[in-house]
Amino acid sequence: VTGHSHIDEELYEELEAILVEADVGVTTTMEILDKVREQVRARSIKDPAEVKGILKEAILEVIGGEPSRLIEASEGPTVIMVVGVNGVGKTTTIGKLAARFKDAGKRVILGAGDTFRAAAIDQLEIWAGRAGADLVRHQENSDPAAVAFDALQAARSRKADYVIVDTAGRLHTKSNLMEELKKVRRVIDREMPGAPHEVLLVLDATTGQNAVAQARIFDEAVGVTGIALTKLDGTAKGGVVVAVSRGLKIPVKLIGIGEQVDDLRDFVPRDFVEALFA
Amino acid sequence: NLAARLQETFKRLRGKGKLTEKDVEEALREVKLALLEADVNFKVVKDFIGRVKARAVGQEVLNSLTPGQQVVKVVYDELTELMGQTQSKLNFAAKPPTVIMMAGLQGSGKTTTAGKLALYLHKQGRRPLLVAGDVYRPAAIKQLEVLGEQLGIPVFSMGQGNPVEIAKTALEHAHSHGNDVVIIDTAGRLHIDEALMEELQAIRAAVAPQEILLVVDAMTGQDAVQVAETFNQRLELDGVVLTKLDGDARGGAALSVRAVTGKPIKFGAFGEKMDALEPFHPDRMASRILG
Ligand SMILES: Nc1nc2c(ncn2[C@@H]2O[C@H](COP(=O)(O)OP(=O)(O)OP(=O)(O)O)[C@@H](O)[C@H]2O)c(=O)[nH]1
Ligand SMILES: Nc1nc2c(ncn2[C@@H]2O[C@H](COP(=O)(O)OP(=O)(O)OP(=O)(O)O)[C@@H](O)[C@H]2O)c(=O)[nH]1
Ligand SMILES: [Mg+2]
Ligand SMILES: [Mg+2]
């Protein structure tokens with residue numbers, strides 16, 4: 001976006017291409033660029049080099065400028081429920097998060113709430129081992145709500161600081177599966193009022209506009225308090241979180257940047273916005 | 001929907017007299033928006049609109065009473081043509097066993113699709129062998145073994161060894177056990193991971209698959225172009241499988257992948273169960289993308 005002697009439509013078209021190709025989505029992009037045009041007019045900006053800066057600020061206004069922390073319980077164990085569609089990185093993110101808490105000297109219990117998919121429990125078991133966390137599990141095909149219940153009970157008796165409940169991947173369009181998720185959440189809340197303190201929706205950075213529907217429906221079902229955006233180590237920019245933020249005020253809290261145990265970072269909005277233009 | 005939006009646009013435009021080429025260009029912006037909202041890649045959309053415009057500025061559109069419908073027809077036809085044939089034909093070896101290699105990004109559905117393909121081929125009267133080539137992901141081997149057990153299909157595994165050795169030994173095993181199709185599951189990987197892309201190339205060199213399938217998640221966004229292009233350049237794909245079509249993603253990635261590789265989408269996956277695999281229908285995909 002260099003080589004412009006004045007601010008013209010071509011400049012805005014270039015900016016539109018960058019944002020759309022980053023998966024911000026065409027509607028959200030047009031809305032944000034309209035705000036930028038307004039600002040350019042209102043502030044009588046003449047130098048094209050300033051437009052990008054105004055655009056970055058406009059995006060930060062949508063997604064929030066400051067990092068957002070994970071919610072902690074005021075007393076007792078903090079319960080984190082991890083949800084999302086199939087294959088986005090829920091189980092792996094839980095493993096990484098557990099290790100982070102363990103490294104901070106916390107006691108962590110993982111609930112093997114995916115009782116459906118082949119070897120899902122085995123997969124989480126390996127991560128529990130890597131992180132040094134306890135694992136609560138039942139038989140394959142058992143009731144995920146019962147696993148969550150037991151994980152909370154174990155957290156109380158073992159005085160755990162964190163309980164992270166894994167759930168099976170599910171498409172938001174499957175109402176019976178969304179009902180199952182609601183039940184898991186209800187059971188958690190009944191067993192420990194105020195829990196789950198954090199409902200983390202995992203979104204894959206390679207996902208396009210469908211993430212907007214995913215976020216909306218998961219939020220309606222179980223109330224999402226934070227987003228973990230995975231696979232940012234690829235070439236996808238994850239711009240869809242801007243589109244998600246346009247409609248829902250759910251902060252992105254974590255990012256996944258690889259498959260190893262320490263490939264987890266806090267989401268820093270300014271860095272994310274810079275990366276959109278890299 | 002798109003047809004209605006186009007009709008609205010043309011109604012407004014024709015209010016000022018006979019339709020012109022410029023009017024069609026303006027209407028095509030609606031098509032561009034629809035395709036971008038469906039996750040078709042930005043550059044692919046540009047090329048596509050260019051092609052459609054060439055066909056949409058003819059007299060049958062400009063003089064039509066329902067130009068919106070005419071344009072939708074041109075778009076739909078062009079899209080269906082681009083999507084390819086309803087051919088789900090896998091390439092089989094003249095002398096068995098046929099080797100099929102799965103490839104793709106992390107979490108796209110390779111392992112699940114491998115199981116489905118095995119069942120599909122088994123129902124055709126073949127004797128498939130599943131090969132546990134993902135030695136990295138925790139419990140990946142177990143995942144494939146559980147699927148194999150559910151299906152009554154043998155799974156070849158050498159634990160967390162060298163995937164190239166595993167593939168070669170699996171081929172020998174297939175020869176000596178009468179398996180006529182070998183389906184190699186591989187670890188998910190980024191197209192920009194040099195070492196892992198070389199691993200795929202090494203497996204390919206070692207066992208010469210008749211069929212290399214790129215597994216792509218239907219909800220993939222703009223990045224589908226980079227991914228498909230790179231995998232194709234490094235491996236020379238034979239086909240694509242589009243997964244998670246049981247969701248509501250419009251699936252524009254299908255058009256992007258097709259446009260940038262020219263390779264056929266051979267199957268669509270519609271669920272987590274082992275029977276949720278169908279031959280790909282380009283016309284159905286075209287309607288889905290257009291919304
Ligand atoms: N490159 C990369 N891969 C990731 C990241 N996070 C997860 N993965 C990989 O994505 C794949 C799927 O991860 P899982 O943790 O099994 O995803 P899931 O959401 O639990 O999947 P289901 O339970 O089947 O719905 C695995 O191969 C992970 O290693 C990331 O940040 N970067
Ligand atoms: N709804 C739905 N889920 C699917 C489909 N195909 C695969 N899945 C699910 O998607 C998730 C990931 O599938 P996997 O087969 O583990 O994906 P993968 O590509 O082997 O993952 P990695 O080996 O980690 O790269 C699992 O939860 C599957 O059950 C599909 O067509 N529809
Ligand atoms: Mg999982
Ligand atoms: Mg796999």
Side-chain angles (χ1 to χ4, degrees), chain A residues 16-27 29-30 85-92 95 116-127 129-130 140 168-174 177 204-211 213-214 217 230-231 233-240 256 258-259, chain B residues 32-43 45-46 105-112 115 136-150 187-193 216-227 230 243-244 246-253 271-272:
Chain A
E16 177 191 32
I18 291 174
L19 293 182
V20 171
E21 289 188 296
D23 283 313
V24 171
V26 63
T27 313
T29 297
M30 296 198 307
V85 303
N86 307 73
V88 294
K90 297 178 292 301
T91 305
T92 304
F116 166 74
R117 205 208 69 212
I121 299 172
D122 302 80
Q123 182 186 7
L124 189 64
E125 186 161 38
I126 292 172
W127 276 107
R130 284 180 184 176
E140 305 256 338
R170 70 204 65 220
L171 296 182
H172 51 292
T173 47
K174 313 228 155 145
L177 297 183
D204 185 328
T206 65
T207 302
Q209 296 311 298
N210 195 247
Q214 293 174 24
I217 305 226
T230 61
K231 307 182 197 172
D233 45 320
T235 50
K237 307 258 172 152
V240 70
E259 303 188 72
Chain B
K32 172 184 166 192
L33 284 181
L35 293 177
L36 288 177
E37 282 169 354
D39 291 322
V40 181
N41 179 271
F42 191 81
K43 298 197 175 77
V45 171
K46 216 158 173 245
L105 293 181
Q106 291 89 346
S108 55
K110 297 174 293 299
T111 305
T112 306
Y136 309 106
R137 168 174 156 155
I141 296 170
K142 176 107 197 274
Q143 182 184 4
L144 195 65
E145 287 175 338
V146 169
L147 293 182
E149 195 167 328
Q150 285 174 6
R189 68 204 63 214
L190 297 177
H191 51 299
I192 53 171
D193 186 324
V216 178
D217 193 324
M219 55 175 154
T220 308
Q222 298 287 307
D223 202 42
V225 156
Q226 278 79 264
V227 175
T230 310
T243 62
K244 306 178 202 172
D246 45 325
D248 59 359
R250 296 262 292 275
E272 298 190 76

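By convention in this document, chain letters (A, B, ...) are assigned in the order of the sequence lines, proteins followed by strands, and residues within each chain are numbered from 1.
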Practice task
Starting at CG of A:N86, measure out to CE of B:M219 and round the result to the nearest 0.5 Å.
Solution key: 7.0 Å
Problem - Distance (rounded to the nearest 0.5 Å) between B:R250 CZ and A:Q209 CD - result: 10.5 Å
Problem - Exercise: identify the closest heavy-atom pair between B:Q222 and A:D23 - result: N-OD1, 2.9 Å
Exercise for the section: Determine whether B:D246 and A:K174 make a side-chain contact, defined as any pair of heavy atoms from C-beta on separated by less than 4.5 Å. Expected result: yes
Practice task
Among B:V227, B:V216, B:D223, find the residue that satisfies the side chain to side chain contact (heavy atoms under 4.5 Å, CB included) test when tested with A:T206.
Solution key: B:D223
Problem - Counterpart residues, side chain to side chain contact (heavy atoms under 4.5 Å, CB included), relative to B:T111 (two or more places apart) - result: B:Q143, B:L144, B:L147, B:D185
Handout entry: Most contacts with chain B, counted as non-hydrogen pairs under 4.5 angstrom, among A:T207, A:L124, A:T92, A:T235
Key = A:T235
Problem - Residue part contacting chain A, namely of B:K46, when any heavy atom lies under 4.5 Å - result: neither
Exercise for the section: Let me know if A:K237 has heavy atoms under 4.5 Å from chain B in its side chain, its backbone, both or neither. Expected result: neither
Handout entry: Side-chain touch A:K231/B:L105, heavy atoms, less than 4.5 angstrom
Key = no
Problem - When B:D193, B:L190, B:N41, B:T243 are compared by non-hydrogen pairs under 4.5 Å with chain A, the top option - result: B:L190
Completion exercise
So, the part of A:E259 with a heavy atom under 4.5 Å from chain B: the answer is side chain
Handout entry: Toward chain B, the part of A:V240 with a non-hydrogen atom under 4.5 Å
Key = neither
Handout entry: Non-hydrogen atoms of A:A119 and B:A139 that approach each other most closely
Key = CB-O, 3.7 Å
Exercise for the section: Indicate yes or no: at least one non-hydrogen side-chain atom of B:L33 is less than 4.5 angstrom from one of A:M30. Expected result: yes
Handout entry: Proximal component of A:V20, with respect to chain B [non-hydrogen, under 4.5 Å]
Key = both
Exercise for the section: Against chain A, label B:E272 side chain, backbone, both or neither, depending on which of its atoms sit under 4.5 Å from a heavy atom there. Expected result: side chain
Completion exercise
Ranked by heavy-atom pairs below 4.5 Å to chain A, first place among B:K32, B:K43, B:Q150, B:E145 goes to B:K43
Handout entry: Under 4.5 Å from any heavy atom of chain B - which part of A:T27
Key = side chain
Completion exercise
Note: A:A213 and B:D248 closest approach over all heavy atoms is CB-OD2, 4.4 Å
Problem - Closest-packed option against chain A by number of heavy-atom pairs under 4.5 Å, given B:A224, B:G221, B:A253 - result: B:G221
Exercise for the section: Working to the nearest 0.5 Å, report the span between CG of A:N210 and CG of B:D217. Expected result: 9.0 Å
Practice task
Please flag which part of A:Q214 lies under 4.5 Å from any non-hydrogen atom of chain B: side chain, backbone, both or neither.
Solution key: side chain
Problem - Contacts of type side chain to side chain donor-acceptor pair (under 3.5 Å), residue A:D233, not counting sequence neighbours - result: none
Handout entry: Side chain B:K142, main chain A:D122, donor-acceptor under 3.5 Å
Key = no
Practice task
Provide the closest heavy-atom pair for A:A118 versus B:V146 in the form atom of the first, atom of the second, distance.
Solution key: CB-CG1, 3.7 Å
